[in-house]
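Inspection log for the structure reproduced underneath, given as structure tokens.
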Amino acid sequence: MSSAVPAYPLPDYGALRLPPAAFELLFYLAAVAVATLCFLAGWLPVNGAVILTVILLTTLIVMSWINLGHGRHPVFLFLCTLMLFQGGRLIAYCLGDIPTPLEIDLLVDWPFNLTRNESGVVLLCVALSAVCVYAPCRLMYRPVAPCRVGQLSRYLPYLYLVFFCTVPFLFIKNYLYLRYVQQHGGYMAFFNDYAGLTANVPPVVRAFSIVALPVFTVLFVLETRKKFLWLISILYFAAASLYLFTGSRMDVFSLTLTLWYVARVKSSKPSRILLITIVSVALILASNIIQLIRNDESDEIVNRAPAFVHFVREQGISINVTEVAVKYREHFRPFIAQYIVREMESKFVSNDVTNYHRGQQWSLDIPLFLNAVVFQTGLGTGGAYLAEEYIFGGLVGVVALSLALGFGLRELQVLSRSSLTLSMVAIILPDIIMLPRGGLFVWISTVAKVSLVALPVVAGWYLYTLLCSINASSGRHLASAE
């Protein structure tokens, strides 16, 4: 036996390299940590922290565009809506439009501010959530090749038949909604008279109109011919424009962003920055005009041109929801279970405030808490996933749930590789990218609703194939008889 120690090859430590994504994320976390320490030490004022938060969000948006396929990842749209809805007022402050970006003035008679520590927690929630959502998408990113329709194209004739049969019902429903809203106090009728609004539309019309959106979405995914894409898009948005003029903007806004994402995934061509800019400006102008009409300020359309800063400031009001959650967390914490259940059934129940009681729905508890009198008129605040995360678990909840959301967005990007799963992604993505102003679990309700809608559509497909086969066999018999 030899007593010599066996020689093992030493690892080549020089060959061990951390991926660039890890260095990038460590830089973001280090920046947040240093800023937090400076804030706690009193060296960084609240307004300075506001500016740093805007810089961080902007950097994440730019880097997600550069590193994640130039818009071919859902996290890019999510970060953009996070910047708009949670950081809009922060941007307005940086541009000199408002002096106090974290002042709570939503619905209240007398605006008030948070304490310095509470303001720091709000900004830390925004920063941590943005980094945690971005991190899994950046670390696990793999480019996705443009999806191919393949054999799914055989469903196109049937889907076109369903679409052309249901889109007239969508026209009728939206027209009846618009007429009723104009006659009964405007946009607030959706919240203080929803029963009368829906009773104004025949049940058959409501039932068939529900089918139009998911069928249009699937058609947009499967269709590759530009002429047909333009045709169905014009028809659907012509019908949706009637709903838009009732004052409801977010549905059309989120659907437009989703269709842009689908178009990016289906194409291998470079993104057109000019086209994106034009579409963004058009959406901003349309949103400003619709808001003025909704608030009975139509005369201001002539007197005041809609401005980018005004739009961003108004949309950024959702950070007030996060601020209220941070300041009054214990007031809402006992109703966490009810909030989750209600969000999961939100697509099946109305948001009518007439008989609402505290503790049922997060997005309605906030305006009820801030101003019960104004709440009864139908005015609201919307929700915010950040606020719910903080209520569920404080800063730990924000980090954990934001990481889970990041992994979910990464899975949506993976599912975008095939046309079938891309259709599923396109159906739930509007709810996902609206989370900075919506509920954390609303997308589950959307999945349940679309699944129910899909049942008659699938049954109709089998009936359609049966009739086509009967027609084809009868044609063969006639041909043989001749």
Side-chain angles (χ1 to χ4, degrees), residues 50 53-54 56-61 64 73-93 101-102 104 106 121-137 248-258 260-261 280 283-284 287 311-326 339 343 346 361-363 366-367 380-392 395 397-409 412 428-446:
V50 167
T53 303
V54 172
L56 175 64
L57 292 176
T58 304
T59 303
L60 289 173
I61 291 174
S64 67
H73 201 297
V75 76
F76 171 73
L77 292 178
F78 181 85
L79 290 173
C80 288
T81 55
L82 178 64
M83 176 71 130
L84 177 62
F85 296 129
Q86 292 292 323
R89 289 173 65 89
L90 310 184
I91 297 173
Y93 168 77
L102 295 179
I104 299 178
L106 183 61
V121 170
V122 171
L123 296 175
L124 184 59
C125 285
V126 175
L128 282 177
S129 179
V131 174
C132 291
V133 168
Y134 175 72
C137 302
S248 180
R249 302 168 293 171
M250 291 300 107
D251 291 342
V252 176
F253 179 74
S254 59
L255 177 61
T256 303
L257 294 178
T258 299
W260 179 83
Y261 169 75
S280 301
L283 287 174
I284 290 172
S287 296
F311 170 78
V312 170
R313 184 186 73 242
E314 293 298 320
Q315 299 308 314
I317 202 70
S318 293
I319 199 172
N320 277 181
V321 178
T322 305
E323 293 175 77
V324 172
V326 169
Y339 293 156
E343 286 183 3
S346 59
Q361 186 171 335
W362 164 246
S363 61
I366 287 288
T381 61
Y385 84 99
L386 262 178
E388 290 186 67
E389 288 179 346
Y390 189 82
I391 290 176
F392 293 163
L395 286 174
V398 170
V399 171
L401 291 174
S402 294
L403 282 172
L405 179 57
F407 281 107
L409 289 171
L412 291 182
I428 67 172
L429 189 57
D431 289 320
I432 300 298
I433 61 180
M434 293 303 294
L435 282 178
R437 178 170 277 184
L440 197 56
F441 301 100
V442 172
W443 63 272
I444 298 177
S445 181
T446 299

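Computation of the quantities below employed the complete heavy-atom set of this structure, encompassing side-chain atoms and omitting hydrogens, waters and symmetry-equivalent molecules. Since this is a predicted model, take the numbers as computed values, not measurements.
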How far apart are the closest heavy atoms of Gly439 and Glu388, and which atoms are they? CA-OE2, 3.2 Å
Minimum-distance pair of heavy atoms, taken over all atoms of Ser346 and Val442: OG-CG1, 3.6 Å
Going by heavy atoms in the side chains, are Ile433 and Tyr261 under 4.5 Å from each other? no
Trp443, CH2: over 12 other non-hydrogen atoms inside 6.0 angstrom: no
Side chains of Leu409 and Leu412: does their closest heavy-atom pair fall under 4.5 Å? yes
Under 6.0 Å between ring centres: does that hold for Tyr385 and Tyr390? no
If I take atom CD1 from residue Ile444 and atom CD1 from residue Ile428, how far apart are they, to the nearest 0.5 angstrom? 10.0 Å
Are any non-hydrogen side-chain atoms of Leu84 and Pro436 less than 4.5 angstrom apart? no
Ignoring hydrogens and angles, state whether a donor on the side chain of Ser445 or Glu343 is under 3.5 Å from an acceptor on the partner side chain. no
Going by heavy atoms in the side chains, are Ser363 and Thr381 under 4.5 Å from each other? no
When rounded to the nearest 0.5 angstrom, what is the spacing between CG in Leu440 and CG in Leu405? 7.5 Å
When Leu124 is tested against each of Val122, Leu128, Val126 for side chain to side chain contact (heavy atoms under 4.5 Å, CB included), which residue passes? Leu128
Side-chain heavy-atom pair Val131, Leu56 within 4.5 angstrom cut-off: yes
With heavy-atom distances below 4.5 Å as the criterion, would you say the side chains of Glu389 and Val399 are in contact? no
If you compare all heavy atoms of Ser64 against all heavy atoms of Val75, which two are closest, and at what distance to 0.1 Å? CB-CG1, 4.4 Å
Can you tell me how far the CG atom of Asp431 sits from the CE atom of Met250, to the nearest 0.5 Å? 13.5 Å
Any idea how Phe253 and Phe85 line up, ring-wise: parallel (<30°), tilted (30 to 60°), or perpendicular (>60°)? perpendicular
Give a yes or no on whether the backbone of Gln315 and the side-chain of Arg437 come within a donor-acceptor separation of less than 3.5 Å. yes
Test your reading of the model: is there a side-chain donor-acceptor pair from Ser254 to the backbone of Met434, 3.5 Å cut-off? no
Give me the atom names and distance for the closest heavy-atom approach of Trp362 to Tyr339. N-CD2, 3.2 Å
Between Leu123 and Leu102, is there a side-chain heavy-atom distance shorter than 4.5 Å? yes
Nearest 0.5 Å, what's the CG-CG distance between Leu57 and Leu60? 6.5 Å
With rounding to the nearest 0.5 angstrom, report the CD1 to CZ distance, Ile319 to Arg89. 8.0 Å
Can you find a pair of side-chain heavy atoms, one from Met83 and one from Leu90, that are under 4.5 Å apart? no
